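Chain letters run A, B, ... following the sequence lines, proteins first, then strands; residues in each count from 1. Given the structure is predicted, the values throughout are model-derived calculations rather than measurements.
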Protein chains: 2
Amino acid sequence: MQPMPPRAVTAICHALLEQIEHGLLAPGGKLPAERKLSEVFDTTRITLREALAQLEAQGLIYREERRGWFVAPERLTYDLIERSHFHAMVRDQGRVATTELLSARLQPASAAICARLQLPALSSVVRICRLRRIDGRAVLYAEHYLNPRYFPGILEQDLAQSLTEIYGRVYGIRYGQVCFEILPTALPVEAAGALKVSVGSPGLHITRVNSDQHGHLIDCDLEYWRHDAIRIRAQAG
Amino acid sequence: MQPMPPRAVTAICHALLEQIEHGLLAPGGKLPAERKLSEVFDTTRITLREALAQLEAQGLIYREERRGWFVAPERLTYDLIERSHFHAMVRDQGRVATTELLSARLQPASAAICARLQLPALSSVVRICRLRRIDGRAVLYAEHYLNPRYFPGILEQDLAQSLTEIYGRVYGIRYGQVCFEILPTALPVEAAGALKVSVGSPGLHITRVNSDQHGHLIDCDLEYWRHDAIRIRAQAG
DNA sequence: GAGTGGTCTAGACCACCAA
DNA sequence: TGGTGGTCTAGACCACTCC
């Protein structure tokens with residue numbers, strides 16, 4: 001249909017794409033330096049970076065801040081309905097998950113969190129920030145906000161583990177109804193910093209508000225995913 | 001925490017953000033020309049465009065190909081579970097929806113579509129391409145693939161209407177189980193062209209595979225949304 | 001210390017849109 | 001027809017990574 005303009009950027013994209021598809025650049029492999037690539041394609045770094053940015057938007061390559069460009073690994077499939085926890089989900093897909101605890105403490109809740117958990121103004125909540133990796137690559141920055149009333153003494157637990165597992169083992173709490181909200185947007189600074197991506201890169205923001213088996217609102221999660229690390233599945237009806 | 005580098009790009013973002021938040025630029029309003037803005041902020045167009053791209057990634061402004069930059073309207077909330085059809089969903093949120101039929105015909109199915117609909121190789125399917133707008137802004141490019149066996153003569157219907165409604169009225173078919181797959185990625189050329197966005201802009205790709213009330217796979221939709229036009233909701237458990 | 005990516009400058013030409 | 005956005009050039013300096 002369209003006359004297909006002979007754009008330099010498009011040509012570079014196609015050339016790189018072909019190399020990746022034919023396996024000359026393996027998943028996880030590093031691309032040559034930008035200056036080297038701009039010589040190869042006989043163009044400027046600005047133009048070359050434009051092409052890299054497009055492949056990044058497609059999720060085919062990704063960037064580690066100041067370290068260079070890499071071929072993106074396969075996405076993780078995230079099933080909204082049959083929610084196993086992160087480590088199990090990753091393991092079931094033949095990958096290795098790790099979790100790093102960034103911070104955990106009791107603090108006053110923001111207005112937004114109060115509203116989500118239906119708490120009165122200025123309530124205290126337990127805030128747990130964690131970074132999660134798949135095969136060593138940071139893919140998810142998550143903030144958990146727990147209603148402290150249901151989880152006395154949780155700060156003494158090992159919070160790099162699955163929270164779901166601690167909920168059940170220590171408090172006898174299981175998830176009941178869960179509400180999701182999925183928002184494609186740029187990653188905020190905290191998330192971008194933790195994931196080592198440049199601020200303003202596209203990402204996926206998932207908010208989960210969780211009730212327990214008795215219908216009490218127990219906690220909510222703010223998850224920030226690399227946009228290229230995830231595929232969401234759901235079944236309805 | 002971080003020393004907050006005095007980046008030109010960040011400074012411009014904040015300045016524009018403030019103007020938007022204080023309503024000096026109304027939703028749908030047009031921003032000044034890029035050259036004008038780069039003068040205002042005393043920088044080059046490249047740098048200024050970098051800032052605009054970041055705000056675009058956040059979904060705060062958007063671009064119409066060759067027409068300029070505009071302040072983004074509120075997102076549409078898309079509920080995965082209680083799926084009313086597009087026009088009803090938009091109307092319920094106080095907006096106006098329109099649908100434009102781009103093409104509709106019987107054609108051989110691609111391998112991917114055959115797999116989704118569990119059809120034998122080289123089956124024919126009805127392919128319907130449509131463009132949907134909210135308040136006049138193109139937000140969704142959708143391709144529907146129907147198993148023709150369940151929809152004889154559907155090409156004679158008015159396909160700018162709700163398909164859900166035609167299914168029920170003409171064929172006595174209602175949706176049963178539905179599978180979703182949500183993928184943040186760059187918009188492919190057909191979608192980008194129809195939505196009038198530059199190729200390679202981020203978007204949200206939603207695949208729906210629909211069964212009817214008897215469990216037959218009747219059709220599947222490939223939806224391509226502007227990343228800034230949508231917020232997805234779901235409830236589970 | 002060499003090389004890398006991150007950022008920025010100061011221009012240019014073209015195709016398209018609106019007047 | 002003038003101004004717009006889309007694209008591209010040919011450099012530069014800095015902070016950081018990696019050796």
Whole-Å gap separating [atom2] ([N]) and [atom1] ([X]):
X       : N       : atom1 : atom2 : answer
E34(B)  : dA12(C) : CD    : C1'   : 15 Å
I12(A)  : dC8(D)  : CD1   : C1'   : 11 Å
E64(B)  : dC17(C) : CD    : P     : 12 Å
L37(B)  : dG5(D)  : CG    : C1'   : 12 Å
R63(B)  : dC16(C) : CZ    : C1'   : 15 Å
K196(A) : dG5(C)  : NZ    : P     : 17 Å

Which residues share a side chain to side chain donor-acceptor pair (under 3.5 Å) with [X], sequence neighbours left out:
X       : answer
E56(A)  : R63(A)
R91(B)  : none
E65(A)  : none
Y145(A) : R127(A), E143(A)

List in chain and number order the residues that pass salt bridge (Lys or Arg N to Asp or Glu O under 4.0 Å) with R66(A), two or more places apart in sequence or in another chain; answer none if no residue qualifies.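 Partners of R66(A) under the salt bridge (Lys or Arg N to Asp or Glu O under 4.0 Å) test: none.
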
When the C1' atoms of the five terminal pairs at each end define the local axes, what inter-axis angle does the helix from dG1(C)-dC18(D) to dA18(C)-dT1(D) show, to 10 degrees?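 So the angle between the two local helix axes works out to 10°.
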
Protein-nucleotides 14-19 of chain D N/O pairs closer than 3.5 Å?
unit_1, atom_1, unit_2, atom_2, d
dA15(D), N3, R66(A), NH1, 3.4
dC18(D), OP1, R67(A), NH1, 2.4

What verdict does the side-chain hydrogen bond (donor to acceptor under 3.5 Å, both in side chains) test give for Q93(A) and R95(A), after you've listed the backbone C-alpha separation in whole Å, the side-chain angles of each residue and the deciding distance to 0.1 Å? CA-CA 6 Å; Q93(A) 296 178 41; R95(A) 320 278 287 272; 5.8 Å; no

Within residues 40-61 of chain A, residues whose heavy atoms come under 4.0 Å of DNA chain C: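 Heavy-atom contacts with DNA chain C come from R45(A), I46(A), R49(A).
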
For residues 70-79 of chain A, which side-chain N or O atoms pair as donor and acceptor with protein atoms under 3.5 Å away, sequence neighbours left out?
unit_1, atom_1, unit_2, atom_2, d
E74(A), OE2, R231(A), NH2, 3.3
R75(A), NH1, H227(A), O, 3.0
R75(A), NH1, I230(A), O, 2.9
R75(A), NH1, P184(B), O, 3.2
R75(A), NH2, P184(B), O, 3.0
T77(A), OG1, R231(A), NH1, 3.0
Y78(A), OH, E223(A), OE1, 3.3
D79(A), OD1, I81(A), N, 2.9
D79(A), OD1, E82(A), N, 3.2

What donor-acceptor contacts under 3.5 angstrom involve side-chain atoms of residues 35-44 of chain B, with partners at least two apart or in another chain?
unit_1, atom_1, unit_2, atom_2, d
S38(B), OG, E34(B), O, 3.2
S38(B), OG, R35(B), O, 2.8
T44(B), OG1, T47(B), OG1, 3.0

Quick one: list whatever passes ring-ring contact (aromatic ring centres under 6.0 Å, His included) with Y224(B), sequence neighbours left out.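 So Y224(B) forms a ring-ring contact (aromatic ring centres under 6.0 Å, His included) with H205(B).
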
Taking distance alone, no hydrogens or angles, what donor-acceptor pairs closer than 3.5 Å link side-chain atoms of residues 108-117 of chain A to residues at least two apart or in another chain?
unit_1, atom_1, unit_2, atom_2, d
S110(A), OG, I113(A), N, 3.3

Is the NZ or CZ atom of R130(B) positioned over F86(B)'s six-membered ring, under 6.0 angstrom from the centre and within 45° of the axis?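 Verdict for F86(B): no cation-pi partner in R130(B).
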
